[in-house]
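Encoded as structure tokens, the structure appears first; notes follow it.
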Amino acid sequence: MFTPNALGYLAETPSQTAGPYVHIGLIPKQAGFDIFSNHLGESPVGATTPGERIRIEGRILDGTGAPVRDALVESWQADAAGFYHAKPTADGFRGWARTGTDFESGLWAIETVKPGRVPGRHGHKRMAPHISLWIVARGINIGLSTRLYFADEEAANAEDPVLRIIEQPARRQTLIARREAPGRYVLDIHLQGESETVFFDI
């Protein structure tokens with residue numbers, strides 16, 4: 001028989017984490033289940049979406065520096081002109097994608113277009129080009145929200161209102177994707193440790 005605690009509250013139920021079936025339900029193709037003709041979320045852009053084509057990639061690392069090989073990553077972004085869209089556009093831009101870390105290498109990647117500068121809220125300066133990321137994996141009770149900025153947008157980054165609220169300048173660097181080659185950007189996400197990525201409570 002269950003007895004309430006002294007304050008009269010019911011006990012908290014166990015927190016739910018993303019278990020081993022998250023890939024089957026959300027990115028079945030990566031889990032080896034090629035069962036849909038249209039894999040929702042595979043890319044945020046269409047074949048005719050205008051803008052600079054880029055690939056963003058990286059690893060998600062735990063507190064020991066080991067890659068997390070079963071994480072799921074979702075992205076949201078503006079189009080090349082700096083606008084968000086509530087539904088897919090005629091040129092195939094959706095602005096949202098879902099992928100996962102590779103089970104062997106731990107690498108995640110998204111093929112997209114580089115976003116433009118987005119108008120800031122309440123009259124603030126425009127935000128620097130960025131992509132919002134959401135990460136979930138086994139052991140993470142609540143999905144982690146962060147952003148990816150671009151190292152070659154230094155002037156825009158210096159004015160970005162979100163980057164500027166991060167008090168320690170060195171911590172801002174955890175959100176800056178380095179340009180490894182033309183059209184290729186890399187950002188490793190650290191869940192814990194000295195290089196822990198800045199996560200946002202949204």
Side-chain angles (χ1 to χ4, degrees), residues 18 21-60 69-121 126-137 143-153 156-157 160 162-163 175-189 197 200 202:
Y21 301 107
V22 67
H23 294 81
I24 297 173
L26 297 178
I27 44 174
K29 184 178 179 182
Q30 185 170 336
F33 297 90
D34 197 2
I35 54 178
F36 300 114
S37 58
N38 179 19
H39 292 279
L40 183 63
E42 208 166 33
S43 175
V45 298
T48 61
T49 301
E52 177 190 353
R53 296 281 164 161
I54 63 170
R55 173 184 172 90
I56 57 173
E57 63 182 46
R59 296 175 301 160
I60 297 174
R69 293 185 172 88
D70 65 347
L72 181 140
V73 180
E74 290 188 356
S75 69
W76 292 270
Q77 68 170 90
D79 64 16
F83 294 103
Y84 290 101
H85 297 270
K87 58 183 180 180
T89 62
D91 56 33
F93 179 82
R94 183 171 54 236
W96 170 83
R98 177 187 287 152
T99 188
T101 52
D102 182 80
F103 297 144
E104 297 297 325
S105 67
L107 190 73
W108 62 274
I110 295 172
E111 306 277 350
T112 186
V113 296
K114 193 173 185 182
R117 298 189 68 175
V118 179
R121 297 178 63 190
R126 290 186 302 162
M127 290 184 276
H130 67 276
I131 295 176
S132 296
L133 300 174
W134 183 75
I135 299 117
V136 66
L144 300 173
S145 297
T146 189
R147 281 185 169 192
L148 178 151
Y149 290 85
F150 301 90
D152 54 1
E153 296 286 348
N157 292 342
D160 185 83
V162 174
L163 282 175
L175 305 181
I176 310 296
R178 61 191 184 272
R179 191 167 185 249
E180 295 270 313
R184 178 171 170 261
Y185 295 88
V186 176
L187 179 71
D188 290 334
I189 296 168
T197 297
F200 299 101
I202 59 172

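None of the values given here were measured: they were computed from a predicted structure.
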>> Between Asn157 and His130, is the side chain to side chain contact (heavy atoms under 4.5 Å, CB included) condition met? List the steps.
In response: CA-CA 9 Å; Asn157 292 342; His130 67 276; over 6 Å; no
> Pairs in or reaching into residues 74-91: which pass salt bridge (charged side-chain N to carboxylate O under 4.0 Å, His left out), with residues at least two apart or in two chains?
Replying inline: Glu74-Arg98
Locate the shortest heavy-atom distance separating [X] from [Y]; write the atom from each residue and the value.
X	Y	result
Gly51	Ala80	CA-CB, 3.8 Å
Asp160	Ala128	OD1-N, 2.8 Å
Ala78	Gly82	CB-C, 3.7 Å
Ile110	Pro44	CG2-CD, 3.9 Å

> Checking side chain to side chain contact (heavy atoms under 4.5 Å, CB included) against Leu175, which of Val162, Thr146, Leu148 comes through?
Replying inline: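 Answer to the side chain to side chain contact (heavy atoms under 4.5 Å, CB included) test with Leu175 among Val162, Thr146, Leu148: Thr146.
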>> If you count every heavy atom of other residues, nucleotides or ligands that lies below 6.0 Å from Phe83 atom CZ, does the total exceed 12?
In response: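 Atom CZ in Phe83 is not packed in, count stays at 12 or less.
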Rounded to the nearest 0.5 Å, what's the gap from [atom1] on [X] to [atom2] on [Y]? Could you check?
X	Y	atom1	atom2	result
Phe93	Tyr84	CZ	OH	8.5 Å
Phe150	Ile56	CZ	CD1	6.5 Å
Leu107	Thr101	CG	OG1	9.0 Å
Ile131	Leu187	CD1	CG	10.0 Å
Ile189	Ile60	CD1	CD1	5.0 Å
Trp96	Ser43	CH2	OG	11.0 Å

>> Under a 3.5 Å threshold, yes or no: a donor from one side chain and an acceptor from the other, between Ser132 and Gln77?
In response: no
>> Which residues pass the salt bridge (charged side-chain N to carboxylate O under 4.0 Å, His left out) test with Arg126, not counting sequence neighbours?
In response: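 Expected list: none.
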> Given Val136 and Leu144, is the side chain to side chain contact (heavy atoms under 4.5 Å, CB included) satisfied, shown in steps?
Replying inline: CA-CA 7 Å; Val136 66; Leu144 300 173; over 6 Å; no
> Where do Arg55 and Glu180 land on the side chain to side chain contact (heavy atoms under 4.5 Å, CB included) test, with the steps shown first?
Replying inline: CA-CA 10 Å; Arg55 173 184 172 90; Glu180 295 270 313; over 6 Å; no
>> Between Arg179 and Glu153, is there a side-chain heavy-atom distance shorter than 4.5 Å?
In response: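 No. Closest side-chain heavy atoms not under 4.5 Å.
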> Hey, does Val45 have a side-chain heavy atom less than 4.5 Å from the side chain of Arg53?
Replying inline: yes
>> Any carboxylate oxygen within less than 4.0 angstrom of a Lys/Arg side-chain nitrogen, looking at Asp152 and Lys114?
In response: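 Counted as a salt bridge, because a side-chain N and a carboxylate O are separated by less than 4.0 Å.
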> Charged N to carboxylate O under 4.0 angstrom, Arg184 versus Glu57?
Replying inline: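 Counted as a salt bridge, because a side-chain N and a carboxylate O are separated by less than 4.0 Å.
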>> Angle between ring planes, Trp134 versus Trp76, binned at 30° and 60°: parallel, tilted or perpendicular?
In response: perpendicular
>> Can a donor-acceptor pair be found, under 3.5 Å and without considering hydrogens, that links the side chain of Asp188 to the backbone of Gly58?
In response: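 It does not hold such a pair.
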>> With a 3.5 Å distance limit and no angle check, can you tell me whether Ser105 reaches the backbone of Asp102 through a side-chain donor-acceptor pair?
In response: no
